[in-house]
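Working notes for the structure below.
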Amino acid sequence: MSTTHPALTPVRLGKHELSSRYAVAPMTRVSASPEGVPTADMADYYAEFAAGGFPLVITEGVYPDAAYSQGYLNQPGLACAEHVEAWRAVTGAVHAAGGVVIAQLMHAGALSQGNRYTSERIGPSAVQPRGEMMPEYGGSGPWPVPREMSAQDIEDVIDGFAAAAGNAVTAGFDGVEVHAANGYLLDQFITDYTNKRTDSYGGPMANRIRLTADVTRAIKAVVPPEFVVGVRLSQTKVNDFTYRWPGGERDAETAYTALAAAGADYLHIASEGRNWLDTARLASGRTLTSVAREVTGLPVIVNGGMHNVVLAERVLDEGHGDLLSIARAALANPDLPHRVAKGVELDRFDHGMLDPTVTLDNARRRRAGERG
């Protein structure tokens, strides 16, 4: 039985005409080499989604510089020629399977729990992150207190993102996504309790969003006009599932407007493993995602339970978003768009694919065990 679900209708993202509204969400897999070089397994992994009908694939967070940005050991980078050359095989495989591929650029900041370049962490302020490091990503114990960033550190971060975006162009990517969500560095600037600065990067949301806007603007200045530049935002974090922007709807409008003015081509609103409604609904009845669409006119990617066809239909029909990003359900169903088109039931996600580690090897062993 086939279906005409609204998620299967085409949508435009920059110069790209996508065959459906489905996108693979960024998912950290820490399966690169110790030097941050992508592997052949990673090329196969990303290409499988494109072959399965996902027209848009957003990579895991990729560290942009050989200084403070790396968050996890065996995380891939876009900081040197060796990284760029290896990513060519990944982008080539996704393109050959019919997909558009975007690199998510991520600076971990204070939430770094594995960096081959340094043991020092930096952040907007010397504030210890909440919670503890994540064992499935190779960490344990409390987060160290980061060093408060200087003006030069901030310039270095901006330059690092811009250089990595240039590397992404060379590597064959169709765009980059600036990771300003989930508690990592740019989100640490956006979050009031981790940002105690008194300069132009601290205080009200107009200042706290400034670094993300500066990064976006710097990237747009060095990439070709047709190269897509998106920004991912969230309220919740990997180490804090309950945080909400203190200014609510007003903060959201301020942030979104600033990023649109900086040249963002789309906004991606993440839910950090939570249902979209749980994190997106505002006191006024509006949602963060609909506000983003209304105040910017940009395409908005919605995240959080979008494998649920009923919820996804509501999001699209009611104008809450334009595209749907899928994470864990995509791991269980790399052919999810094809299954939805045919009305085939989705396989349930097996948490064993991420336990005890989130690597591709662990997921492969889990699948092999199930087949056995």
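Computed from a predicted structure; not experimentally measured. Below, each value reflects all heavy atoms present in this structure, side chains not excepted, and no hydrogens, waters or symmetry copies. For the single chain, residues carry numbers from 1 onward in sequence order.
Minimum interatomic distance between Gly263 and Lys220 (heavy atoms only, all atoms of both residues): O-CE, 3.2 Å. Nearest heavy atom pair, residue Ala363 against residue Arg29, reads CB-NH2, 3.8 Å. Summarising the geometry of Leu336 relative to His307, their closest heavy-atom pair is CD1-CB, 4.0 Å, with the distance given to 0.1 Å. For Phe227 against Asp265, the heavy-atom pair with the smallest separation is O-OD2, 3.6 Å. Nearest heavy atoms, Ala213 versus Ala258: CB-O, 4.2 Å. In terms of heavy-atom proximity, Ala47 sits nearest to Val94 at N-CG2, 4.0 Å.
Distance check: Met149 CE to Tyr68 OH gives 9.5 Å after rounding to the nearest 0.5 Å. In this structure, CD on Glu177 lies 11.0 Å from CD1 on Ile219, to the nearest 0.5 angstrom. Summarising the geometry, atom CG belonging to Asn239 is positioned 10.5 Å from atom CD belonging to Gln113; distances are rounded to the nearest 0.5 Å. Atoms CD and CE, from Glu313 and Met306 in turn, are 12.0 Å apart once rounded to the nearest 0.5 Å. Going from atom NE2 of His179 over to atom OG of Ser69 covers 12.5 Å, rounded to the nearest 0.5 Å. To the nearest 0.5 angstrom, Leu185 atom CG is 6.0 Å from Ile122 atom CD1.
The backbone N or O of Asn333 sits nowhere less than 3.5 Å from a side-chain atom of Asp347 that would complete a donor-acceptor pair. Within the 3.5 Å criterion, the main-chain N or O of Asp335 finds no donor-acceptor partner in the side chain of Glu48. Under the 3.5 Å distance criterion, the side-chain polar atoms of His83 are matched with a main-chain donor or acceptor of Glu35. In this structure a side-chain-to-backbone donor-acceptor pair under 3.5 Å is missing from Asn362 to Arg365. Checking side-chain atoms of Arg210 against main-chain N and O of Ser200 turns up a donor-acceptor pair under 3.5 Å. His5 places a side-chain N or O within donor-acceptor distance of the main-chain N or O of Ala7, the cut-off being under 3.5 Å. Side-chain atoms of Arg121 come within 3.5 Å of backbone atoms of Ser112 as a donor-acceptor pair (strictly under, hydrogens ignored). Distance alone, capped at 3.5 Å, is enough to place a donor-acceptor pair between the Gln75 side chain and the Gly61 backbone. With hydrogens and angles disregarded, a donor-acceptor distance shorter than 3.5 Å links the side chain of Ser31 to the backbone of Leu360. Listed for the Arg197 side chain is a donor-acceptor partner under 3.5 Å among the backbone atoms of Pro124.
Under the 4.0 Å criterion applied to side-chain N and carboxylate O atoms, Asp355 and Arg366 are not assigned as salt-bridge partners. Remark: Arg88 engages Glu85 in a salt bridge, criterion side-chain N to carboxylate O under 4.0 Å.
Between Asn167 and Thr170, the side chains place no donor N or O within less than 3.5 Å of an acceptor N or O (distance only, hydrogens not considered). Defined by atom type and a distance below 3.5 Å, a donor-acceptor pair is present between the side-chain atoms of Thr289 and Thr287. Side-chain contact of Thr118 with Glu120: a donor-acceptor pair under 3.5 Å is absent, judged by distance alone.
Looking at heavy atoms from C-beta onward, Leu78 lies in side-chain contact with Val84 at the 4.5 angstrom threshold. In this structure, the side chains of Leu288 and Leu233 stay at 4.5 Å or more apart for every pair of heavy atoms. Residues Val176 and Val62 are not in side-chain contact: their nearest non-hydrogen atoms beyond the backbone lie 4.5 Å or more apart. For the pair Tyr45 and Met27, the minimum side-chain heavy-atom distance is below 4.5 Å. The closest side-chain heavy-atom distance from Pro26 to Glu60 is not below 4.5 Å. Looking at heavy atoms from C-beta onward, Asp187 lies in side-chain contact with Ile190 at the 4.5 angstrom threshold. Residues Met42 and Thr59 fail the side-chain proximity criterion, which asks for heavy atoms closer than 4.5 Å. Two residues are said to be in side-chain contact when any heavy atoms from C-beta on lie closer than 4.5 Å; Val169 and Pro224 meet this criterion.
In terms of the side-chain contact (heavy atoms from CB on, under 4.5 Å) criterion, residue partners of Asp322 (sequence neighbours excluded) are, by chain and number, Arg21, Arg293, Pro299, Val300. In this structure Tyr193 satisfies the ring pair (Phe, Tyr, Trp, His ring centres under 6.0 Å) test together with Tyr243, sequence neighbours excluded. In this structure Arg116 satisfies the side-chain hydrogen bond (donor to acceptor under 3.5 Å, both in side chains) test with no other residue, sequence neighbours excluded. Residues satisfying the side-chain contact (heavy atoms from CB on, under 4.5 Å) criterion with Thr198, sequence neighbours excluded, are absent altogether.
Within a 6.0 Å radius of CZ in Arg244, more than 12 heavy atoms belonging to other residues, nucleotides or ligands are found.
Classification of the Phe49-Tyr46 ring pair by plane angle, with boundaries at 30° and 60°, yields tilted. By the 30° and 60° cut-offs, the orientation of the rings of Tyr266 relative to His268 is tilted.
Hydrophobic cluster membership is shared by Val231 and Val222, with clusters built from Ile, Leu, Val, Met, Phe, Trp and Tyr side chains linked at under 4.5 angstrom. By the rule that hydrophobic residues join a cluster once side-chain heavy atoms approach within less than 4.5 Å of another member, Leu56 and Trp87 end up as members of separate clusters. A single hydrophobic cluster is seen to contain both Val358 and Met353, as judged by linkage of ILVMFWY side chains at heavy-atom distances under 4.5 Å, directly or through other members.
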Could you walk me through whether Ser150 and Gln152 pass side-chain hydrogen bond (donor to acceptor under 3.5 Å, both in side chains), step by step?
-> CA-CA 5 Å; Ser150 66; Gln152 186 58 57; over 6 Å; no

Take Ser125 and Glu148 through the test side-chain contact (heavy atoms from CB on, under 4.5 Å) and record every step on the way to the result.
-> CA-CA 4 Å; Ser125 303; Glu148 180 172 318; 4.3 Å; yes

Determine, stepwise, if the pair Val223 / Val229 fulfils side-chain contact (heavy atoms from CB on, under 4.5 Å).
-> CA-CA 9 Å; Val223 300; Val229 179; 4.1 Å; yes

Applying side-chain contact (heavy atoms from CB on, under 4.5 Å), run through Leu211 and Phe161 and close with a yes or a no.
-> CA-CA 11 Å; Leu211 180 55; Phe161 270 100; over 6 Å; no

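Among residues at least two apart or in separate chains, side chain to side chain donor-acceptor pair (under 3.5 Å) pairs with a member in residues 295-306 are Asn303-Ser325. Residue pairs satisfying the ring pair (Phe, Tyr, Trp, His ring centres under 6.0 Å) criterion with at least one member in residues 89-117, sequence neighbours excluded, are listed as follows: Tyr63-Tyr117.
Considering Thr191, Asn182, Thr242, Thr194 as possible partners of Lys237, the one that fulfils the side chain to side chain donor-acceptor pair (under 3.5 Å) test is Thr191.
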